[in-house]
Amino acid sequence: MKIRNFAIIALFLLVSCTTSKKDDIDKNVDNLLSQMTLTEKIGQLCCPIGFNLYDDESYKTLIDTLPVGGFWAVFRADPWSQKTLETGPGPNKSRKIYNEMQHYAVEHTRLGIPIYFAEECPHGLMAVGASVYPTGLGMAATWDEELLYSLGDAIGLEAYSRGARFGYGPVLDIARDPRWSRVEETFGEDPYLSGTLGSAMIRGMQNYVGATVKHFAAYGIPEGGHNGAAAQTGTNKLMSDYLSSFEIAVKNGAKSIMTSYNAIDGVPCTSNSWLLKDVLREQWGFNGIVFSDLGSIWALHSTHKTAENQLVATAQAINAGVDIDLGASNYGTYLKEAVENGLVPMKNVDDAVRRVLRFKYEIGLFDDPYKTIKVHGRDGALGWAAAHHSVVLLKNDGILPLKRDVKSIAVIGPNADNMYNQLGDYTAPQDPDNIITVLEGIKNRAKPGTKIIYAKGCSVRDTNDADFESAIKAAKSADVTVLVVGGSSARDFKTSYESTGAAVVSDHISDMDCGEGYDRVSLELSGLQEDLIKEIAKLHKPLIIVYIEGRPLLKNTANEVANALLTAFYPGARGGGAIADIIFGNQNPAGRLPISQPRNTGQIPVYYSQPKPHDYVECESSPLFCFGHGLSYTKFEYSNLIVNKLDDTIEVSVDVKNIGDYHGDEVIQLYLRDEYATITPAEKLLKGFKRVFILSNETQHITFTIPTKNLEPGEFIIMVGASAEDIRLQEKIEI
C-alpha cells in the first residue's frame with residue numbers, strides 16, 4: 001500500500017510540475033506579447049534565408065530594421081547556396097556564427113528576444129562536416145523503427161550542436177508517382193509505414209530540436225509528376241491515404257509542420273483554412289508551428305492566381321493558419337499593411353506570435369540562448385547500420401553471397417565509383433575520405449589477391465559511349481561483373497536554380513536525373529545505361545546488377561539478365577561499403593521495398609493497396625517487385641497464427657522460424673483487408689511490421705495489436721507474411 005501511495009504522489013508531483021512549467025511559459029509569453037509593437041510581432045513570424053548573412057553587415061541592418069524570429073539555412077552548403085567544402089562553415093565556425101548572430105539579436109534589440117536557426121535535416125544535417133545517412137526511401141527500406149529513432153537522435157544532436165533549434169524533416173509525403181523529382185525524400189507509398197517510421201525519427205530529433213514535418217499535404221501525387229503541380233483527390237482518399245501519416249506524426253508530438261507548394265482540388269495548401277485549422281488544429285489537436293515552404297505564400301499570387309496581389313496573398317496565408325513565412329518575402333513586406341487595412345485581424349497575428357514564443361521558451365532559448373555543444377564522429381556505427389539495413393536484394397539465383405575464391409571482379413558502371421551519386425539531394429559538399437563507393441567497398445572486402453578491374457562504361461545521362469569498349473573488355477576478362485547503374489541527385493555548380501532552391505532542367509548534361517526540380521517523363525534508365533546492361537549480358541558471364549537510385553527505375557532488362565539484382569535508394573556515406581558487405585555475405589540483406597517497382601511507366605500509379613486492376617494489353621497490372629519485397633540469404637517459416645479479439649484491439653501472434661543456414665533479420669508484415677465497407681475498401685492495408693533478428697534454426701514468437709476504434713463492424717481478413725504479395729498465413733475475423 002505504501003509503495004502504491006508513493007507512486008500516486010510521484011505522479012501527482014510530475015503532473016503538477018509539468019502543469020506549473022506550462023503555466024509559467026504561458027505567463028511569460030503573454031507578458032512579452034503585451035510589450036511588443038506590431039513590427040516586433042511581425043518580425044517573429046519572419047524566417048529569412050541565412051546563408052548569405054553571417055559574414056555581412058546586412059544581418060545587423062536587418063535585425064535593426066525588423067527583429068526577425070529566426071533564420072533558415074544559415075549553415076547550408078551546396079551549389080544553390082554557393083558554399084563549397086572550403087567556404088561553407090564547419091562545426092566550429094558554425095558555433096561561432098550562431099553565437100555572434102544570437103548575441104546581436106539578444107543584446108541589440110529592444111526586447112532581447114533570441115532567434116532560432118532552422119536547418120535542413122532530411123537525412124542528416126545539410127552542412128559541411130555533418131553526417132550523411134540514406135535518403136528517405138533508404139531509411140524506409142530498413143523497416144526498422146528503432147534504427148529510425150537512433151538516426152533522428154543523431155541528426156537532431158548534430159543540428160543542435162551548431163545552434164539549430166528546428167530540423168526540417170522528415171518528409172512524410174505519400175509518393176504514388178515516381179516520376180516526381182522528390183520521391184527520394186519520402187518514406188514511400190504507404191501512410192502507416194511512413195507515419196510510424198517518421199514518428200520514430202521525430203521522437204529522436206526532438207530530444208534536441210523541433211522537427212518540421214514536410215509537406216502538408218498531398219504533395220507526392222502531382223499531376224504529370226511535375227513538382228508542385230496540383231493534386232486531384234477526393235476527401236476520403238485525402239484523409240485516409242495522404243493525411244494519415246501526418247496525423248500519426250502530430251499524435252507523436254511533432255513541433256512544427258510545413259505547407260506544400262501544391263493545390264488540392266484547386267485550393268492552395270498554403271491558404272487552405274480547412275486543412276490548416278479544421279483538420280490540423282481542431283481535429284488533430286496540433287498546437288505547434290506552421291511554416292510556409294520557401295516562396296509558397298508568394299506563389300498564391302504568382303503561380304496559383306488565387307490572390308490578386310501579394311498583399312492579399314499575405315492575408316490569405318496568415319488567416320488560413322500559416323504562422324511563419326519562410327523566406328520572409330511576404331510577412332516582412334506586406335503583413336503590417338494587411339493588418340492596418342483590416343485584411344488580417346490582430347488576433348491571428350497574436351496567435352501565431354504566441355506559438356513562436358512558446359516554442360522558444362520550451363526549447364530553452366530564453367534560458368540559455370548561446371548554448372551549443374561539441375559532437376565528435378557519431379555517424380560511424382550508425383551510418384553503417386543504416387546503410388546495411390537499407391539495401392534490398394530483389395533477385396538472387398544463388399550467386400550471392402559471392403564466393404571468396406573468385407579470382408577477378410569487374411566493377412563497372414556510372415555509379416560504381418561516384419561518391420555524390422550515392423548521397424542524394426539535400427546533401428552538403430563532402431570530404432572524399434569520408435565516403436565509400438561500391439568500387440572502394442569491393443576492394444576493401446575482396447580476398448587479398450583478387451583482381452579488381454574498373455571501367456565506368458558510361459555516364460548516367462550523357463550519351464557519350466567512349467568508355468563502352470573498356471567496360472566490355474573488363475567484363476570479358478573477369479570471373480564476375482558487378483554493374484552499378486541507376487540515377488543521381490548530385491547538384492553541381494553549372495546547374496541553374498530557382499529562387500526556391502529547386503534545380504532547373506537545362507541543356508547542361510550532368511548525371512542529375514532526380515532531386516528537387518528534376519521530374520521524369522519516363523522511369524527508364526537514362527543515357528546509355530540500358531545498352532550497357534545488354535552488352536555486358538551478351539557475354540553470358542556471372543552478372544550482379546546494383547541500382548543506386550532516387551526513384552524506382554524500370555528493371556525489366558536487369559531482372560531478365562542478372563544473376564542477382566539489388567537496389568539502394570541513395571544509401572549514404574557508407575553505402576558502397578554496405579553493398580560490398582552484402583555481396584560478399586558479411587551482412588545478410590533484409591531491406592524491404594517501401595515503394596512498388598513498376599513494370600512500365602504507363603502503370604503509374606501502381607501501389608499495393610489499390611483495388612486489384614485488370615491487366616493491360618502490353619503487360620501485367622502488378623508491379624515487377626511489390627511493396628514489402630526483399631530477399632535474404634536464409635529462409636523463414638511462418639506458423640501458428642493466432643487472432644484474438646479483445647475489447648478495443650485485435651491481438652495477432654505468429655511464430656517465425658529461421659530454417660536456413662544463415663542468421664538474419666526478417667521483416668514480418670501484418671496486413672488487414674476490410675471485406676465490405678461504406679466506401680470502397682483497400683485491397684489490403686499495412687497495420688503492423690517488425691524487423692527481427694533470428695538465429696539459424698531459432699523460432700521467435702511475434703505479437704501485434706490492431707486498434708479497432710476506427711474499424712467499421714463487419715468481416716476482416718488478417719494477413720501475415722513477408723511482403724504485400726507474399727502472404728503466408730491469414731484468418732478471418734468479425735468485428
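For the numbers below, each heavy atom of this structure counts, side chains included, while hydrogens, waters and symmetry mates do not.
Within the 4.5 Å cutoff, the side chain of Leu38 has heavy atoms near those of the Met346 side chain. Inter-residue side-chain proximity for Arg179 and Pro222 is flagged as unmet; no heavy-atom pair is nearer than 4.5 Å. Taking 4.5 Å as the limit, every side-chain heavy atom of Ile221 sits out of range of all side-chain heavy atoms of Pro605. Between Tyr168 and Tyr426, every side-chain heavy-atom pair lies at or beyond the 4.5 Å cut-off. Looking at Phe366 and Pro114, their side chains come closer than 4.5 Å, going by heavy atoms from C-beta outward. Between His108 and Ile63 the shortest side-chain heavy-atom distance does not fall below 4.5 Å. Tyr570 places a side-chain heavy atom less than 4.5 Å from the side chain of Ile548. Side-chain contact between Arg520 and Ser526 is present, with at least one heavy-atom pair separated by less than 4.5 Å.
Just one of Phe117, Trp72, Tyr208, Phe359 meets the ring-ring contact (aromatic ring centres under 6.0 Å, His included) condition when paired with Phe166; it is Phe359. Between Phe71 and the options Tyr116, Tyr98, Tyr59, a ring-ring contact (aromatic ring centres under 6.0 Å, His included) holds for only Tyr59.
Looking only at distances, no side-chain donor or acceptor of Tyr420 sits under 3.5 Å from a matching main-chain atom of Pro429. Judged by distance alone, the side chain of Ser161 and the main-chain N or O of Glu158 form a donor-acceptor pair under 3.5 Å. Of the possible polar contacts, one joining the Asp511 side chain to the Val460 backbone as a donor-acceptor pair under 3.5 Å is found. In terms of modelled atom types and a separation under 3.5 Å, the side chain of Gln82 and the main chain of Pro79 share a donor-acceptor contact. Proximity of a side-chain donor or acceptor of Lys83 to a complementary backbone N or O of Ala428 within less than 3.5 Å is not detected. For the pair Arg551 (side chain) and Pro178 (backbone), a donor-acceptor distance under 3.5 Å is present.
Here Ser181 pairs with Asp519 under the side chain to side chain donor-acceptor pair (under 3.5 Å) rule; sequence neighbours left out. Applying the side-chain contact (heavy atoms from CB on, under 4.5 Å) test to Ser260 and every residue at least two apart in sequence or in another chain returns His215, Tyr219, Asn262, Cys269. Legend: residues meeting salt bridge (charged side-chain N to carboxylate O under 4.0 Å, His left out) with Asp350, ordered by chain and number and at least two apart, are Lys41. With sequence neighbours left out, the salt bridge (charged side-chain N to carboxylate O under 4.0 Å, His left out) criterion links Lys93 to Asp55. Among residues two or more places apart in sequence or in another chain, the salt bridge (charged side-chain N to carboxylate O under 4.0 Å, His left out) test is passed with Glu184 by none. Not a single ring pair (Phe, Tyr, Trp, His ring centres under 6.0 Å) links Tyr370 to another residue, sequence neighbours left out. Applying the salt bridge (charged side-chain N to carboxylate O under 4.0 Å, His left out) test to Glu362 and every residue at least two apart in sequence or in another chain returns Lys255.
We find the NZ-CE distance between Lys60 and Met101 to be 11.5 Å, quoted to the nearest 0.5 Å. Atoms CE and CG, from Met258 and Leu172 in turn, are 12.5 Å apart once rounded to the nearest 0.5 Å. Separation of atoms CD1 (Ile174) and NZ (Lys237) is listed at 11.0 Å; rounding is to 0.5 Å. We find the CD1-CG distance between Ile264 and Leu238 to be 5.0 Å, quoted to the nearest 0.5 Å. To the nearest 0.5 Å, the span separating CG on Leu125 from OG on Ser94 amounts to 7.5 Å. In this structure, CD1 in Ile595 is found 5.5 Å from CG in Leu137, a value given to the nearest 0.5 Å.
Of the N and O atoms on the side chains of Thr61 and Asp64, not one donor lies less than 3.5 Å from an acceptor on the other residue. At a cut-off of 3.5 Å, with distance as the only test, no side-chain donor of Asn330 or Asp325 sits close to an acceptor on the other residue. There is no side-chain donor-acceptor pair under 3.5 Å between Thr333 and Gln310.
The nearest pair of heavy atoms linking Trp284 to Leu280 is CB-O, 3.3 Å. Among all heavy-atom pairs drawn from Ile202 and Ala254, the shortest one is CG2-CA, 4.0 Å. Here the closest heavy-atom approach between residue Thr212 and residue Ser256 is recorded as OG1-OG, 2.6 Å. Pro170 approaches Gly198 most closely through the heavy-atom pair CG-O, 3.8 Å. Looking at every heavy atom in both residues, Ala573 comes nearest to Leu423 through N-CD2, 3.7 Å. Summarising the geometry of Cys47 relative to Ile324, their closest heavy-atom pair is CB-CG2, 3.6 Å, with the distance given to 0.1 Å.
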Please evaluate residues Arg182 and Asp173 with respect to the criterion side-chain contact (heavy atoms from CB on, under 4.5 Å), reporting the C-alpha separation (whole Å), side-chain torsions for both, the decisive distance (0.1 Å), and the verdict.
CA-CA 9 Å; Arg182 304 188 72 174; Asp173 303 306; over 6 Å; no
Evaluate the side-chain contact (heavy atoms from CB on, under 4.5 Å) criterion for residues Asp78 and Thr427: first the C-alpha distance (whole Å), next the side-chain angles of each, then the deciding distance (0.1 Å), finally the verdict.
CA-CA 7 Å; Asp78 70 336; Thr427 299; over 6 Å; no
CA sep, side-chain torsions, deciding dist, call: Arg355, Asp351, salt bridge (Lys or Arg N to Asp or Glu O under 4.0 Å):
CA-CA 6 Å; Arg355 286 188 279 268; Asp351 286 347; 5.3 Å; no
Going through the checks in order, is the side-chain contact (heavy atoms from CB on, under 4.5 Å) test met by His301 and Val312?
CA-CA 8 Å; His301 167 66; Val312 174; over 6 Å; no
Give the C-alpha distance, both sets of side-chain angles, the deciding distance and a yes or no for side-chain contact (heavy atoms from CB on, under 4.5 Å) between Phe246 and Val279.
CA-CA 11 Å; Phe246 290 91; Val279 175; over 6 Å; no
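Pairs of residues two or more places apart, or lying in two chains, that qualify as side chain to side chain donor-acceptor pair (under 3.5 Å) and include a residue from residues 245-254 are Ser199-Asn252, Arg203-Asn252. Here salt bridge (charged side-chain N to carboxylate O under 4.0 Å, His left out) pairs that include residues 298-313, with residues two or more places apart or in two chains, number zero. The stretch residues 110-121 participates, sequence neighbours left out, in these salt bridge (charged side-chain N to carboxylate O under 4.0 Å, His left out) pairs: Glu40-Arg110, Glu120-Lys214. The stretch residues 421-430 participates, sequence neighbours left out, in these salt bridge (charged side-chain N to carboxylate O under 4.0 Å, His left out) pairs: Asp425-Arg491. Legend: salt bridge (charged side-chain N to carboxylate O under 4.0 Å, His left out) pairs involving residues 274-298, not counting sequence neighbours, sorted by first then second residue: Arg281-Asp323.
Annotation for Glu57: atom CD does not count as buried by contact number, only 12 or fewer foreign heavy atoms lying within 6.0 Å.
Taking the ring axis of Tyr607 as reference, the NZ or CZ atom of Arg176 stays within 45° of it and closer than 6.0 Å to the ring centre.
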